[in-house]
**Q** 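Below you'll find the structure I mean.
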Amino acid sequence: MAASCSSGRILDVQILYSHDVHLDGVTIRNNEGGKGPSTDGIDIDSSRKILVEHADIDVNDDALCLKAGRDSDGLRVNRPTEDVVLRDSIIRRGAAAVTIGSETSGGFRNIEAYNITALSGVPSGVLFKSAHTRGGMTSDIRIHDLTLVGRRHPDPHHHELESELQLRNAAAGIEGYSPVLGGAHHQGGRAEGTAPLQRCTHWNIKATGAKSAFNVSAYPNATLDDFRIDHLDIEAATAGTIANAKNWKLSENQIKTADGSKVVFTDAAGNNSSDIPLWRAKIKRTPAVCDLSPTAGVQIFSYYIFR
């Protein structure tokens with residue numbers, strides 16, 4: 001399929017409950033002049049065996065985005081997004097080059113994204129986002145051969161965090177509402193609502209003009225496990241932090257920082273780096289926090305769980 005889209009929809013192209021789909025040569029323009037509505041480009045939701053290639057996207061929210069159902073309904077349907085390839089595409093403006101979430105309830109398996117270029121209107125390279133109401137296991141993610149250029153626009157996700165808080169506040173008075181799972185008539189524990197992420201590999205990623213290389217935070221009971229990151233070539237203002245992570249291996253990377261900082265691991269175990277010294281923060285950081293200031297700029301890896 002090859003097409004051109006320009007509209008004010010929340011989603012331009014949505015692949016939902018589908019399988020064996022090939023999307024090739026789609027051009028999306030929903031943010032001309034940087035003043036477009038809050039729209040996603042290509043959303044793949046609860047689907048399998050999907051190939052997206054040669055996309056050219058300019059939007060004001062998620063560009064190439066994977067979803068898998070939301071909250072109690074997503075947990076009930078329990079249909080993962082799996083066996084997906086995203087490749088050979090350009091993102092001119094959007095929330096990130098590649099986004100997973102925040103609808104994560106069905107989980108994700110066997111995802112690969114490569115040969116993607118993100119221009120200066122894209123504040124994050126790889127963005128994973130969820131909430132402790134969502135649940136869903138994410139595993140076997142491979143992201144490589146990304147080129148990320150410059151910094152321009154602020155992080156656009158402040159409105160989404162606000163809507164999450166408003167949703168929970170509004171629903172608090174509904175009979176049978178579970179604040180953990182975020183849906184009426186569905187009770188469950190916090191463990192069901194967390195969104196674990198494991199076995200992710202990133203390599204051959206080049207970035208210039210970044211605000212930070214890493215902004216990674218999860219929960220102590222849902223840590224980010226078994227990441228392998230190598231052959232990064234990044235120029236950033238600061239190295240950033242990795243919190244609540246286990247068994248990360250960083251090797252053969254070049255990260256140049258304006259402030260001379262090194263990556264800080266906090267509340268983490270079993271991590272190894274041959275080229276990025278691990279510092280131990282003196283102050284324990286609060287989990288599940290991301291930079292939402294209006295001057296956030298580019299971040300290469302952003303993994304966070306909304307509180």
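Here the structure is a predicted model, which means the values were calculated and not measured. Heavy atoms only: backbone and side chains are in, while hydrogens, waters and symmetry mates are out.
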**Q** Give the minimum heavy-atom separation between Tyr17 and Ser47, together with the two atoms involved.
**A**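 Distance-wise, the nearest heavy atoms are N-OG, 3.2 Å.
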**Q** Looking at Val84, Ile44, Val85, which hits side-chain contact (heavy atoms from CB on, under 4.5 Å) with Val52?
**A**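 Testing each of Val84, Ile44, Val85 against Val52, the sole residue satisfying side-chain contact (heavy atoms from CB on, under 4.5 Å) is Ile44.
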**Q** Residues in ring pair (Phe, Tyr, Trp, His ring centres under 6.0 Å) with His54, at least two apart?
**A**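 Partners of His54 under the ring pair (Phe, Tyr, Trp, His ring centres under 6.0 Å) test: none.
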**Q** So how far is it from Thr117 OG1 to Asp145 CG, rounded to the nearest 0.5 Å?
**A**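 With rounding to 0.5 Å, OG1 (Thr117) is 10.0 Å from CG (Asp145).
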**Q** Looking only at heavy atoms, what is the nearest atom pair of Ala239 and Ser261, with distance?
**A**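 What the structure gives for the nearest pair is N-OG, 2.9 Å.
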**Q** Locate the shortest heavy-atom distance separating Thr223 from Pro220; write the atom from each residue and the value.
**A**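 Taking every non-hydrogen atom into account, CG2-O, 3.4 Å.
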**Q** Can you name the one residue among Asp226, Thr138, Asp140 that meets side chain to side chain donor-acceptor pair (under 3.5 Å) with Arg199?
**A**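 Looking at Asp226, Thr138, Asp140, the match for Arg199 under the side chain to side chain donor-acceptor pair (under 3.5 Å) is Asp140.
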**Q** So, for Gly41 and Asp12, which heavy atoms are closest and what is the spacing to 0.1 Å?
**A**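 Heavy atoms only, the tightest pair is O-CB, 3.4 Å.
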**Q** Hydrophobic cluster membership, with links at side-chain heavy-atom distances under 4.5 Å among I/L/V/M/F/W/Y: are Val13 and Val21 in one?
**A**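 Same hydrophobic cluster.
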**Q** Is the shortest side-chain heavy-atom distance between Asp40 and Lys67 below 4.5 Å?
**A**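 In contact.
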**Q** Determine, step by step, whether Lys129 and Thr99 satisfy the side-chain contact (heavy atoms from CB on, under 4.5 Å) criterion, reporting the C-alpha distance in whole Å, the side-chain angles of both residues, the deciding distance to 0.1 Å, and the verdict.
**A** CA-CA 8 Å; Lys129 52 182 179 172; Thr99 301; 3.7 Å; yes
**Q** Hey, could you give me the NE2/CD distance between His231 and Glu252, rounded to the nearest 0.5 Å?
**A**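 Result: 3.5 Å between the selected atoms.
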**Q** Any side-chain to backbone donor/acceptor pair from Asp45 onto Gly69? Under 3.5 Å, distance only.
**A**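 At least one qualifying donor-acceptor pair exists.
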**Q** Between Ala97 and Ala118, which heavy-atom pair has the shortest distance, and what is it?
**A**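 So the minimum-distance heavy-atom pair works out to CB-CB, 4.0 Å.
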**Q** Please check if Tyr114 and Leu51 belong to a single hydrophobic cluster, counting links between Ile, Leu, Val, Met, Phe, Trp and Tyr side chain heavy atoms closer than 4.5 Å.
**A**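 Same hydrophobic cluster.
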**Q** Quick check: does any side chain N or O of Asn253 sit under 3.5 Å from a backbone N or O of Ser251, one acting as donor and the other as acceptor?
**A**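 The answer is yes, because a donor-acceptor pair under 3.5 Å joins these two groups.
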**Q** Is Met137 isolated, or which residues cluster with it under the ILVMFWY side-chain rule of less than 4.5 Å, directly or via members?
**A**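 Result for Met137 is none, singleton.
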**Q** Between His202 and Phe227, what is the ring plane arrangement, given parallel below 30°, perpendicular above 60°, and tilted in between?
**A**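 Correct class here is perpendicular.
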**Q** Looking at side-chain heavy atoms only, is the closest gap between Phe214 and Leu232 below 4.5 Å?
**A**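 Yes; the side chains approach each other to less than 4.5 Å.
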**Q** So which of Ile28, Leu64, Leu119 actually passes side-chain contact (heavy atoms from CB on, under 4.5 Å) with Ile91?
**A**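 Looking at Ile28, Leu64, Leu119, the match for Ile91 under the side-chain contact (heavy atoms from CB on, under 4.5 Å) is Leu64.
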**Q** Run the side-chain contact (heavy atoms from CB on, under 4.5 Å) check on Ile90 and Arg92 step by step: do they pass?
**A** CA-CA 6 Å; Ile90 183 169; Arg92 300 179 185 276; 4.1 Å; yes
**Q** Does Ser46 offer a backbone N or O that forms a donor-acceptor pair with the side chain of Thr81 under 3.5 Å?
**A**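 Flag set: sc Thr81 to bb Ser46 pair under 3.5 Å.
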**Q** Any side-chain heavy atom of Leu224 within less than 4.5 Å of one from Phe128?
**A**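 Not touching, per the 4.5 Å side-chain cut-off.
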**Q** Between Thr257 and Gly260, is there a donor-acceptor pair closer than 3.5 Å when you use the side chain of the first and the backbone of the second?
**A**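 At least one qualifying donor-acceptor pair exists.
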**Q** Looking at Ile143 and Ile205, what are the two nearest heavy atoms and their distance?
**A**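 So the minimum-distance heavy-atom pair works out to O-CD1, 4.2 Å.
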**Q** Rounded to the nearest 0.5 Å, how far apart are OG1 of Thr147 and CD1 of Ile116?
**A**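 The OG1 atom of Thr147 sits 10.5 Å away from the CD1 atom of Ile116.
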**Q** Does the distance from a Lys or Arg side-chain N to an Asp or Glu carboxylate O, for Lys246 and Asp225, drop under 4.0 Å?
**A**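 Looking at Lys246 and Asp225, the cut-off is not met.
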**Q** Pair Arg142, Asn110 - check side-chain contact (heavy atoms from CB on, under 4.5 Å), show working.
**A** CA-CA 8 Å; Arg142 301 175 302 282; Asn110 191 29; 2.8 Å; yes
**Q** Distance from Leu23 atom CG to Ile50 atom CD1, nearest 0.5 Å?
**A**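 Those atoms lie 9.0 Å apart.
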**Q** With a 4.0 Å cut-off, would you call Glu82 and Arg48 a salt bridge?
**A**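 No, Glu82 and Arg48 are not salt-bridged.
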**Q** Inspect the contact between Asp58 and Arg93 and indicate whether a charged nitrogen and a carboxylate oxygen are less than 4.0 angstrom apart.
**A**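 Judged by the 4.0 Å cut-off on N to carboxylate O distance, Arg93 and Asp58 do form a salt bridge.
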**Q** Going by an N to O cut-off under 4.0 Å, is there a salt bridge joining Arg29 and Asp56?
**A**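 Yes, this pair counts.
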**Q** What distance separates Arg79 CZ from Leu16 CG, expressed to the nearest 0.5 Å?
**A**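 So the gap between those two atoms works out to 8.5 Å.
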**Q** May I ask you to decide if Ala55's main-chain N or O and Ser89's side chain share a donor-acceptor pair within less than 3.5 Å?
**A**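 Yes: the side chain of Ser89 pairs with the backbone of Ala55.
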**Q** Using 0.5 Å steps for rounding, measure from the CH2 atom of Trp248 to the CD1 atom of Ile242.
**A**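 Result: 4.5 Å between the selected atoms.
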**Q** Could you give me the CA-CA distance, side-chain angles and deciding distance for Ile141 and Val126, then say whether side-chain contact (heavy atoms from CB on, under 4.5 Å) is met?
**A** CA-CA 11 Å; Ile141 309 298; Val126 181; over 6 Å; no
**Q** Could you identify which residues cluster with Trp203, counting Ile, Leu, Val, Met, Phe, Trp and Tyr as linked when any side-chain heavy atoms lie under 4.5 Å apart, either directly or through a chain of such contacts?
**A**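 Noted: Trp203 shares its cluster with no other residue.
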